[in-house]
Student: 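Please find one structure pasted underneath; my questions will follow.
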Amino acid sequence: MKRMIVVGHGGYAEGVRLNMEMIAGVPEQMYFFDLRKGEDLADLENRIKTQLESFGADEVLFACDLLGASPFRVAAMQCAEHPGRYFAVAGLNTMAFLETSMNLDSELSIEELANLSMETAKTAIARFPE
């Protein structure tokens with residue numbers, strides 16, 4: 001099974017959850033973790049590790065708010081410990097979250113799902129008028 005963990009600062013993950021819930025619903029394979037004010041990296045890492053332990057051998061795509069920031073570092077450390085099974089991306093937008101969530105049950109590998117999420121985020125950026 002493929003799962004997706006959204007992780008970020010403050011209310012980022014909760015905001016993504018609320019956004020998705022209003023637009024299309026939230027698949028049961030999606031999880032949301034925020035690094036809260038006053039919390040340190042170890043706190044966030046422990047909460048995520050506890051969740052990951054319940055996944056067994058499932059594949060995981062982490063979607064982080066900022067490349068290189070603390071939540072991304074936690075995700076990257078997990079990816080390094082589970083090469084080929086865990087991937088992390090950063091900077092996704094609503095369209096990317098929706099597209100990725102709709103493909104969690106598809107035949108795409110977790111790596112292909114990571115690539116799809118990044119490509120969707122890029123193509124969903126627009127300017128009006130052009």
Student: Please step through side-chain contact (heavy atoms from CB on, under 4.5 Å) for the pair F87 and V60, ending with a clear verdict.
Tutor: CA-CA 6 Å; F87 286 86; V60 176; over 6 Å; no
Student: Roughly how far, to the nearest 0.5 Å, is the OG1 atom of T94 from the CE atom of M20?
Tutor: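 Nearest 0.5 Å value for the CE-OG1 distance: 9.0 Å.
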Student: Would you check, one step at a time, whether the test side-chain contact (heavy atoms from CB on, under 4.5 Å) holds for V7 with I48?
Tutor: CA-CA 9 Å; V7 58; I48 290 175; 3.9 Å; yes
Student: Distance check, rounded to the nearest 0.5 Å: R85 atom CZ versus D58 atom CG?
Tutor: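 One finds 8.0 Å between CZ of R85 and CG of D58.
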Student: Which value, rounded to the nearest 0.5 Å, describes the distance between E59 atom CD and S109 atom OG?
Tutor: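 Rounded to the nearest 0.5 Å, the CD-OG separation comes to 7.0 Å.
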Student: Give me the atom names and distance for the closest heavy-atom approach of A88 to A75.
Tutor: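 For A88 and A75, the tightest heavy-atom pair comes out as CB-CB, 4.1 Å.
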Student: With the 4.5 Å side-chain cut-off for hydrophobic clustering, are V74 and M4 part of the same group?
Tutor: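 The answer is no; the residues belong to distinct hydrophobic clusters.
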Student: Following the transitive rule for hydrophobic clusters with a side-chain heavy-atom cut-off under 4.5 Å over Ile, Leu, Val, Met, Phe, Trp and Tyr, establish whether M77 and V89 coincide in one cluster.
Tutor: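 In one cluster with M77: V89, no.
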Student: So, using side-chain hydrogen bond (donor to acceptor under 3.5 Å, both in side chains) as the criterion, who are the partners of S54 when residues are at least two apart?
Tutor: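 If we apply the side-chain hydrogen bond (donor to acceptor under 3.5 Å, both in side chains) test to S54, skipping adjacent residues, the hits are Q51.
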Student: Checking F33 now: which residues fulfil ring pair (Phe, Tyr, Trp, His ring centres under 6.0 Å) with it, not counting sequence neighbours?
Tutor: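 Ring pair (Phe, Tyr, Trp, His ring centres under 6.0 Å) check on F33 returns nothing, list empty.
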Student: Show me the pairs that pass side chain to side chain donor-acceptor pair (under 3.5 Å) and involve residues 20-39, at least two apart or across chains.
Tutor: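 Pairs touching residues 20-39 that pass the test: R3-Y31, R17-E21, Q29-D105, R36-E39, E39-R47.
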Student: Can I get a per-line list of side-chain donor-acceptor pairs under 3.5 Å for residues 122-130, giving both atom names and the distance, sequence neighbours left out?
Tutor:
{"unit_1": "T123", "atom_1": "OG1", "unit_2": "E119", "atom_2": "O", "d": "3.3"}
{"unit_1": "T123", "atom_1": "OG1", "unit_2": "T120", "atom_2": "O", "d": "3.1"}
{"unit_1": "R127", "atom_1": "NE", "unit_2": "P129", "atom_2": "O", "d": "3.2"}

Student: Do you know which two heavy atoms are closest between P27 and S101, and how far apart they sit?
Tutor: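 Closest approach of P27 to S101, heavy atoms only: CG-CB, 3.7 Å.
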Student: Is F32 reachable from I5 through a run of hydrophobic residues whose side-chain heavy atoms are each under 4.5 Å from the next?
Tutor: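 In one cluster with I5: F32, no.
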Student: Are L104 and L113 close enough, and set up right, to give a side-chain contact (heavy atoms from CB on, under 4.5 Å), and what steps lead you there?
Tutor: CA-CA 8 Å; L104 283 170; L113 196 60; 3.6 Å; yes
Student: Could you give the side-chain donor-acceptor pairs of residues 61-73 under 3.5 Å, partners two or more places apart or in another chain?
Tutor:
{"unit_1": "D65", "atom_1": "OD1", "unit_2": "H9", "atom_2": "ND1", "d": "3.4"}
{"unit_1": "D65", "atom_1": "OD2", "unit_2": "H9", "atom_2": "N", "d": "2.9"}
{"unit_1": "D65", "atom_1": "OD2", "unit_2": "H9", "atom_2": "ND1", "d": "2.8"}

Student: Look at the side chain of N103 and the backbone N and O of S106, then say whether any donor-acceptor pair between them is shorter than 3.5 Å.
Tutor: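 Pair absent, no side-chain N/O of N103 close to backbone of S106.
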Student: Using a strict threshold of under 4.0 Å (side-chain N to carboxylate O), is an ion pair present between E53 and K49?
Tutor: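 The answer is no: the pair does not qualify as a salt bridge.
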Student: Can you tell if the side chain of I110 reaches within under 4.5 Å of the side chain of Y86, non-hydrogen atoms only?
Tutor: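 No; the side chains remain at least 4.5 Å from each other.
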Student: For the CG atom of L108 and the NZ atom of K2, what is their distance to the nearest 0.5 Å?
Tutor: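 NZ of K2 is found 6.5 Å from CG of L108.
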Student: Does a sphere of radius 6.0 Å around CE in M95 hold more than 12 heavy atoms from other residues, nucleotides or ligands, not counting ones at 6.0 Å or beyond?
Tutor: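 No, because the 6.0 Å sphere around CE of M95 holds 12 heavy atoms or fewer from other groups.
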Student: Between N46 and A42 (side chain of the first, backbone of the second, donor and acceptor by atom type, cut-off under 3.5 Å), is there such a pair?
Tutor: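 Side chain of N46 to backbone of A42, a donor-acceptor pair under 3.5 Å: yes, one is there.
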Student: To the nearest 0.5 angstrom, please state how far the CE atom of M118 sits from the CG atom of L92.
Tutor: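 Atom-to-atom, M118:CE and L92:CG are 9.0 Å apart.
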Student: State which residues pass side-chain hydrogen bond (donor to acceptor under 3.5 Å, both in side chains) with Q78; sequence neighbours excluded, sorted by chain then number.
Tutor: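 side-chain hydrogen bond (donor to acceptor under 3.5 Å, both in side chains) list for Q78, sorted by chain: empty.
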